[in-house]
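Proteins come first, then strands; the chains are lettered A, B, ... in the order of their sequence lines, and each starts at number 1.
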Number of protein chains: 2
Amino acid sequence: MDLETLNSMNYEKFLDVFGNIIEKCPVITAAVWSRRPFSSFCEVEGEVYDFIESLPVSGKEGILRCHPDLAGRELSSGTLTMESQEEQRQAGLTSLSPEQRERLTLLNTQYKQKFGFPFVIAAKMSDKDKIMEELTARLQNDPSVELLKGIAEVKKICHLRVQDILRKGSPFPTKL
Amino acid sequence: MDLETLNSMNYEKFLDVFGNIIEKCPVITAAVWSRRPFSSFCEVEGEVYDFIESLPVSGKEGILRCHPDLAGRELSSGTLTMESQEEQRQAGLTSLSPEQRERLTLLNTQYKQKFGFPFVIAAKMSDKDKIMEELTARLQNDPSVELLKGIAEVKKICHLRVQDILRKGSPFPTKL
């Protein structure tokens, strides 16, 4: 995809392509369309990050709450977005042993009870052992630190999804 | 549903029930969960409206862009959310004559070209003739007026969806 194509997209096409770069938050992509024309693809990401940063704490917590648990109920029931499904698969979370799944479920539950939002990590950049280690460590943090860490991971996931769209020329079909 | 049930919901349950009171914007519902405990159901709506009002113009435009066209491609392809499907059905938009559909498609296209977001109206409170009349009239407005009108309709839709949830005791299953 080139810049001309990007800047010629109406909002519907833009949403079809970039609607899930922030998990289940097409409203952010839809808002960012107002900022066109873009001088680069990085600028699209930058506008997304600026929009997120402009939100109050509750809005940032809201973004985290739109993310699925790792190896959680959406994975079991097949209701993950295509992007999340692929990311969790790549991290090995679709092939956990029963003991690993049980341990992850327990840690996820403890994390959600403590923070009021799910543990978010760019799973694609990691593997199941590192994810388990990271989750155990982050469970000890203060809520304000975890909000920052979670949003930083949301941005990493966004970057990887944009890269994926540019590499493949066409996105995963978004299920929203 | 009573207040005790409302205030005892974890964010996942809250999203299951109220996730689509703003069309395809679960992030808003998810943000508002941070404001619990609520002293009434009106307060939930009030917090949603305050969150929307706190957004920049691009964010409000983004919310409108998450709404489907009336009798548009999502209705044809069966990809409307359950809530929108029911609202468009009640307004008679699932039983248009070919001429009516053609006219509505033309008006929708003109509207989107002029404003950069779709025509949003609380369809459930209206019928197809009134909707067509209103769309024709609103097409003449300035963009700043239409943004206000569109967001006012978003709030009406939200109110009706909350009423529906309270009346039925359980929501439409949300497809997000």
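- The cluster map of Ile, Leu, Val, Met, Phe, Trp and Tyr, joined by side-chain heavy atoms under 4.5 Å apart, puts A:I151 and A:V27 in the same cluster.
- Within 6.0 Å of NZ on A:K155 lie more than 12 heavy atoms contributed by other residues, nucleotides or ligands.
- Under the 4.5 Å side-chain heavy-atom criterion for ILVMFWY residues, no single connected hydrophobic cluster contains both A:L166 and A:L160.
- The heavy-atom pair separating B:C66 from A:P26 by the smallest distance is SG-C, 3.9 Å.
- A:E12 touches chain B through backbone and side chain together, each having a heavy atom under 4.5 Å away.
- With hydrophobic clusters built from ILVMFWY side chains whose heavy atoms lie under 4.5 angstrom apart, A:V32 shares a cluster with A:M9.
- When the side chains of ILVMFWY residues are joined at heavy-atom separations under 4.5 Å, either directly or via intervening members, B:I121 and B:L148 end up in two distinct hydrophobic clusters.
- Pairing each heavy atom of A:Y11 with each of B:G116, the nearest pair is CD2-O, 3.5 Å.
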Exercise for the section: Dump the intermediate steps for side chain to side chain contact (heavy atoms under 4.5 Å, CB included) on B:W33 and A:E61, then the final yes or no. Expected result: CA-CA 9 Å; B:W33 185 80; A:E61 290 172 340; over 6 Å; no
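- Neither the backbone nor the side chain of A:I28 comes within contact range of chain B; no heavy atoms are under 4.5 Å apart.
- Neither the backbone nor the side chain of B:L64 comes within contact range of chain A; no heavy atom of the residue lies under 4.5 Å from a heavy atom of that chain.
- Summarising the local packing, NZ of A:K13 is surrounded by 12 or fewer heavy atoms from other residues, nucleotides or ligands at distances under 6.0 Å.
- A single hydrophobic cluster is seen to contain both B:L15 and B:I52, as judged by linkage of ILVMFWY side chains at heavy-atom distances under 4.5 Å, directly or through other members.
- For residues 95-110 of chain A, a heavy-atom distance under 4.5 Å to chain B picks out no residue at all.
- Only the side chain of A:P56 comes within contact range of chain B, judged by heavy atoms closer than 4.5 Å.
- Residue A:K60 does not touch chain B at all, counting heavy-atom pairs closer than 4.5 Å.
- Between the side chains of B:R65 and A:T29, no donor-acceptor pair is found at a separation under 3.5 Å.
- Heavy atoms from other residues, nucleotides or ligands lying under 6.0 Å from NZ of B:K112 number more than 12.
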